Structures are given as C-alpha cells and as structure tokens.
Amino acid sequence: MHNKQYSRSYFHNIIRKVYFFLNDRLFQGQCSMQPPSLPVLVLELLIFYLSLQYAWDASEEYLFKAMVAFAMRRYSNKETTQISNVLLCNMTERVSFWFVVTDSARNVTTVPGSEVEAAIRMNRNRINSAFLLTDNTLQFLKISSTLSPPIEPTVPVWVIVFGVVLCLVVAAILFLVVSGIRQRKKNNNESAETGDLEDKCDTPVTTENGIPCDILDLKAGQINGVYAADDERFTPL
Amino acid sequence: MEKPRPLWDNPLQFIFACISYAVGLGNVWRFPYLCQMYGGGGFLIPYLIMLIVEGMPLLYLELAVGQHMRQGSIGAWKIISPYLSGVGIASVVVSFFLSMYYNVINAWAFWYLFHSFQDPLPWASCPLNSNHTDYDEECAQTSSTQYFWYRNTLNISPSIEEYGSIQWEQAICLILAWLVVYLCILRGTESTGKVVYVTASLPYLVLIIYLIRGLTLHGAVNGLIYMFTPKLEQLANPKTWINAATQIFFSLGLGFGSLIAFASYNEPNNNCERHAIIISLINSSTSIFASIVTFSIYGFKATFNYENCLSKVILLLTNVFDLEEGALTADNLDSMKNYLTSTYPNQYAELLPQIKNCSLEAELDTAVQGTGLAFIVYSEAIKNMEVSQLYSVLYFIMLLMLGIGSMLGNTAAILTPLTDSKFLSTHLPKEVISGIVCFINCIVGLVFTMEAGNYWFDIFNDYAATLSLLLIVLVETIAVCYVYGLRRFEKDLLLMLGHKPNWYWKIMWAFASPVLIISLLIFYLTDYIRTGTLQYQAWDATQGQLVTKDYPSYALAVIGLLVAASTMCIPIGALIIFIMKRLKKRNVSTLE
C-alpha cells in the first residue's frame, strides 16, 4: 500500500515537473512571439529609461518579479505565488518587456490577465515606489492608471483667505463710519454751544473798561493794577 | 457758513491719483497686444506721435477746466455754457456704466488671489473625471489654465441666451470688491488721497520684480526679439494709426469726468500744465514697461510649451521604435523623422496623428488681449515658475491695485457732481451718497456673475464707452475753444498758472485734436456699418475653444441703448435748457 501511494504521488510529481518543464519551454517559446498574439495572458510594461535613477540589470528584474509576486499574494490572499512563477519576456534595452504569471498550484496554467491587472492596480503605489518611479514613468500598457485625485481640504483655502479679508474690510468701514458720525455729533454740539454763548452775550450788560458795572464800587473806586505802586521799586526817602 | 471744498493734502496726492487712475489694466493687457499686432517696435512711432498730438493737449484741457471751475463735470460744463450741462450728464452716465462692469475684473482678481495660496496652484493641473481614470474631458481638450478660467471661475454657458444662475463665489467676490472701493472713497479726498499712494506705487514695484524675474527666465529673449523687431510695413496700415490714437485716448481716461473731478480738488494755482505732461509721459512709459514684461513672459511660455512638445514627440518616437537614448534630440528630430518614415512607413503612418508639429513661431504668434491675457496667459506662465505661489500672489495684487486705482477715478467722476449739487448734499451726508452709489452698482453688477455674465461683460466693455467718449471729448474741445472762447480760456490759465499757454497747445486744441477725433468717429461709424451684424466669441465646452456667434436681437437692443443713453444726453440737455430759458422769458414778458 505504501508503495502504491508513494508511486502515485511520485508519478504526479513527475507529471507536474514535466508540465512545468513543458510550460516553461512553451513560455520560452512564447516569449519569442509578439505580444499581440497573447492578449489575455501577458501584460506589457514600459519603463521610461530616462527616469531611472539607477541602471537596470538582472537584480532589478528580480525585484520586479518579487513585486509582482507580492501583488498577487496580496490580491488573492494566498501565499502560493513564488518569484519563479513570474516570467519576463523579450527584455529590451529600453526596458520594455512583457510578463506572465503562472500558477503552479492550478495545473501550471497562467493566471488570467484580468487577475494580474487587478492585483497590480491594487498595489500600484507599492510597485511604483519600489522603483522610485511614478505612474507616468512606469507604464503598464494595458492598465490605465487610476490617477490619484488631489488632496481636497475640508474647507477650501480660498474661503479662509476671503473670510479674513472680508472681516478686515468690514471692520475698517465700520470704524470710519462710526468715527465720522462721532465727529459730526461733536461738531453739532460745538456749534450748539457757541450758539448758547452768543445768546448770553445778547442781553445788554453795561460795562466799564470791561468790568460789569454791578460789581464796580463807584464810591470806593477801583484800583488799577498797572499803576499800583510797587513800594519796593522806589527808593525810600 | 459754507464748508470749504475739500482739497488734496499736497500736489503729490493729485499726481498719484491721476496716475493711479490712468495707469490701469489697459496698459498691461491692451498695449502689448497692439504692439504685437501692428508692427512690434514700429508701433511706438504712431503711439508717440498720437501722444503729442492728442494725449497731452486733451489731458491738459480737462485738468485746466476742472481746476478752474472747481466743480465736478456737470457743474464745470454748466459754467462753460449752460447749454452744455448735457455733456456733464453724459460723462456721469458713461462713468456709471463703466463702474458697473469694471469692478467685476477686481472680483476676478480677488478670486485668483485667494486661490493663489494653494500648493500646487489650482490651475496647474486638470481635474479628474468622475471615475478617476483620466482627466476631465473639457480640460483635456484645452489647457488647465483655460479650463480654470472658463469653467471654475466663470462657469461660462455656451451662448449669451442661456443665462444660467448667479455664481455665488463670484457674487461674494464682487461684494468684497465693492466693499473695498467703498472703504477707499468713504471719506472723499481724505481717504482717497491716502489710498492712491499705495495703488499708484505698488504696481510699479511688482512690475520691476516681474521685469527682473521675466528677463532671467529661460526663453524670455525669444519673446522680446520676436515682438520688438519692427515691422515697419505696418505703418502704412491705417488701422495702426487708428489703434494708436484710440489707445492713447482711452488709456488716459479722457471724457469720463474723473480728471475734471480730481482737478477740482486742487489748489487754484496748481501747475496743471506740468502735471499733464508728467502724467501722460508716465502713463505711456508704463505701457512700454509693461509690454517688455509681458513679452518676456510670452517668450518664456512659448519656449516652455515648445520644448515640452518636442520632448513628448522624442519620447514617443524613442519608445515606439525602441531607439537608443540620446538618438533623438531637438536638432536631429527632422532628419530622424524622415529616416523613420522611410524605414518603418506603416508604423510611422499609424503614429502620425499623435505626432504634433512643434513650432516656436506658432506659440509666439498667439496674440491675446484683455482678460485672456491677464488671467490665462499670465497664470500659465506663472505656474511654470519656481515659487509660483509668491509670483501669483504678487501678480494678482498688482492687478487689484491697478483695477482699484481706476475704480477710484470712476467713482469720483460719479460722486463729485452728486456731492456738489446743493440738493443732495444738504439732505444726505457724503458717506450715504457713496454707499447708495456703490450699492446700486453692486446689485447691477451681479448680472455679470451669471453664467452668461462674461458675454454681457464683453458687450459693456466694447460698446458702453467707446463711441460716446469720442463724442463727449469732441464736444468738450469744441466747447472750450469756440463756445467759451480760446482767449477767455487763455486768460483763465494766466490767472491760474501765471503764464499763457504757448502756440503748441493752442494749435492742438483748436485744430489737431478735433480733426483727429472726427476722423476716429468716422472710422468707428463706418466700421460698425460695414460689419453689419455684430458678433461675439462664445466658449464651446465640447470643442474646448472659442467660436463666433451672432448677437441675438435683445443684446443688440441693449448695445443700442448703451450708446444712446450717453450720447443723447448732450442734445437732450441742450434742448431742455433751451426750452426752460424760453419758458422763463415768456414768464418774465407776461409779468411785465
């Protein structure tokens, strides 16, 4: 019995390996074909060479494979995708290539393009930042990038500035208007007061040398301060 | 006891007020356009000739009239001849129309100013469409700055018939603009005199900053060379001379009554001859200065767009044909294009619609004037500068100062005759009269904040002041020279200034200026008659560009009303005075 089971699994392993091997060969062969003939399976990628801040070599390709595997793992929540499942084809100097993701768990078929697309779309940010590139410079030619909307603050900035300026202007207007009214009231009061004084002056008061008569003592006379003798000025006799 | 007429604190306030009024948005957005269209550097020749023949004499005339009569426009012309009080009323009506629509520009400047405090600037990139996959359709077809102007700011409708609703954001900016104007004119010359120190000098500061920044921008020299190379063949074109004359005329703000109003607050012995020369020279040199700045900005923007276009084409070709880096450069692009066409004809043909022909001349040739220049072209150039928020704030503060300075003159033209009239000034204080005028203007101005508001703005801008002003100034000149008498006027000037005007002034007043204005009037009338129906530029959102449409009949009626309302005041005023005098004579003779 043991022998039978062992032999069955061994046989399955061999078949699996053969499938893998065959598929590998298949894919190597497919790598030489033009991408348009495999629209469902492959995803093209284009990197703007001028935007790379480093040289693109085999290690970068390894990183890319790792990122795609990471995206697949995140998307499907299965920890089955390995780096070896990602195949890069037709690498050019311009750094453009296409790639496929195989699924070793499911009879060594390729993962449908739509799934890979969805996975990459979900983790686009991470992939971009791993390569220090942006949506414009790292283009997946079948995935239209979802553009990130600009950050909208809850209260638009312009309303705040507008409010500040409006309050200042209204405060200045009120200040000027109120001070104008007060000025006018003061002027009115002053003119009213001068009007009263003039009324007083209208009643005739007899004066002599500026002094009203009723306080003049006509008998005693009035001492005129100008001619008041200053005893100390005259030398005593 | 009568209150003495308020005066400027010193002659400098008067000069600053006149400069602040005369140096306005037209110097920034109209003169560079005229320079570009009518011969580049060669346009300066007709411009300076018109300044000497028309600008200085008419300015001196208005200032002298205001200073001598010491009244606003209505009172001043009544003194010259009672039959001419219609001229003063026409000036007030034109000023009223102008202030109605002019403050909307200040509202737009406020709007852009408040939006300049964001990082990045809101007109730097297009907004996204609803499912965030691409840019908004309308914005993708035009540019982000045009989109921001036509959609975010104006929310413009496709034609003048579709009113739309009042845009509340523009409405509150308009209210703020009117509050600021009210604050400045609240106390009459007391407040205006202080404000003009700022509104006259700050624009020059910003222009100097922009000049230094503009000349150091990459590609600015392209703009300067292209624009200033004189194309002297344009001097033979009569339109060049006509546009030079109209530019001088409208730039100085003659005929609105503002200059008369400002001069009426002068000391009687103020040397208005010297001031007239100074003001007109400063106004013209500011125009030339502003056009240097504008052309360097044009050059920068054109070079930036051209280089962008080139690099996009290079990148596209390099990617599609898998070429080496550096194989395609700006210099060998044409030869490489030919090579690629011959080696990969099919692929190249497929790619052809995406490859644009980049041309620096085509970018420089886009001649723009008016609000398009101020709000679209400049903001496009600003968004590509470093520290763009700072330059944006400075620029829109400058536009605001220019606009508010001109508004002060416009409102002075309306308020001075009103406060001079005994009837109104005894019943209402100055602040209330100013408040009522501002309030009425604000309410009417809300029309320009509707979706079709920009089309009505263009109507007012093109027709409210042009023809009427020419007529008003013609009547003014003829009145002073022939009705009042040149000799009497000479004697008045002798009294004020201490010397008589020399033969140059007299010849200009009596012959040259009237002849010039009559020829301008004839030109305008024949132009109106020849073009038949009037047309306007409407924004087509689907195509993302302007299209020409005809005005509907009620818009034409409004245009007719605008022109008639001010020009008819002159003959109607004369007629009414004539009738009143006749009645008085009849009453007197029946009494006897």
Side-chain angles (χ1 to χ4, degrees), chain A residues 44-52 55-56 90-97 121 135-137 139 141 143-153 155-181 183-185 187-188 191 194, chain B residues 1 3 110-120 122 124-136 152 169 172-173 175-188 190-191 311 314-315 318-327 389 393 400 429-432 434-435 438:
Chain A
E44 282 180 72
L45 178 119
L46 180 62
I47 292 184
F48 280 58
Y49 190 74
L50 295 170
S51 351
L52 285 177
W56 187 267
N90 214 22
M91 180 71 56
T92 64
E93 282 298 313
R94 291 279 310 134
V95 199
S96 70
F97 52 83
R121 207 194 281 265
D135 275 358
N136 280 340
T137 42
Q139 285 185 3
L141 291 181
I143 302 179
S144 51
S145 52
T146 309
L147 303 163
S148 57
I151 309 166
E152 296 263 344
V155 179
V157 177
W158 77 271
V159 174
I160 300 174
V161 187
F162 170 81
V164 168
V165 175
L166 184 68
C167 289
L168 286 174
V169 171
V170 170
I173 290 178
L174 285 175
F175 170 71
L176 281 180
V177 167
V178 165
S179 66
I181 294 178
Q183 190 85 6
R184 205 167 287 127
K185 265 201 202 135
N187 285 345
N188 280 346
S191 60
T194 48
Chain B
M1 208 174 56
K3 259 199 303 193
F110 268 124
W111 168 264
Y112 268 83
L113 177 65
F114 296 151
H115 277 87
S116 306
F117 289 98
Q118 273 173 245
D119 178 30
S125 59
C126 275
L128 306 173
N129 61 11
S130 43
N131 54 3
H132 288 200
T133 50
D134 201 358
Y135 293 122
D136 182 280
N152 286 2
E169 299 100 340
I172 57 176
C173 285
I175 293 174
L176 177 65
W178 274 112
L179 283 175
V180 170
V181 170
Y182 181 56
L183 176 65
C184 297
I185 61 174
L186 187 49
R187 287 282 186 82
E190 208 184 300
S191 49
S311 55
I314 289 178
L315 205 54
T318 321
N319 282 334
V320 170
F321 294 107
D322 272 345
L323 299 166
E324 250 180 49
E325 282 315 309
Q389 280 78 22
V393 167
L400 265 178
K430 198 169 33 183
E431 287 88 341
V432 175
S434 325
C438 289

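Just so you know, these numbers come straight off a predicted model, no measurement behind them. Throughout, protein chains are lettered first and strands after them, A, B, ... in sequence-line order, and every chain is numbered starting at 1.
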**Q** Name the region of A:V159, side chain, backbone, both or neither, that has any atom closer than 4.5 Å to a heavy atom of chain B.
**A**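 Neither part.
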**Q** Can you find a heavy atom in the side chain of A:I160 that is under 4.5 Å from one in the side chain of B:F117?
**A**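 Result no, sub-4.5 Å side-chain heavy-atom pair not found.
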**Q** Under the side-chain hydrogen bond (donor to acceptor under 3.5 Å, both in side chains) rule, what pairs show up with a residue in residues 155-172 of chain A, not counting sequence neighbours?
**A**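 Applying side-chain hydrogen bond (donor to acceptor under 3.5 Å, both in side chains) to every pair that reaches into residues 155-172 of chain A, excluding sequence neighbours, yields nothing.
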**Q** So what's closer than 4.5 Å to chain A heavy atoms on B:I172: side chain, backbone, both or neither?
**A**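 Contact with chain A is through both the backbone and side chain of B:I172.
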**Q** Not counting sequence neighbours, which residues clear disulfide bond (SG atoms under 2.5 Å apart) with B:C438? List them please.
**A**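 Scan of B:C438 (disulfide bond (SG atoms under 2.5 Å apart), adjacent residues dropped) gives none.
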**Q** Is it the backbone or the side chain of B:L179 that comes under 4.5 Å from a heavy atom of chain A, or both, or neither?
**A**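 Both backbone and side chain.
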**Q** For B:L186 and A:I173, which heavy atoms make the closest approach, and how far apart are they?
**A**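 Minimum heavy-atom separation between B:L186 and A:I173: CD2-O, 4.1 Å.
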**Q** Count the heavy-atom pairs under 4.5 Å between each of B:Q118, B:H115, B:E431 and chain A, then report the option with the highest count.
**A**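 Looking at each option in turn, the highest pair count goes to B:H115.
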**Q** Can you tell me which of B:E169, B:K430, B:R187 forms the most heavy-atom pairs within a distance under 4.5 Å of chain A?
**A**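 Ranked by heavy-atom pairs under 4.5 Å with chain A, first place is B:R187.
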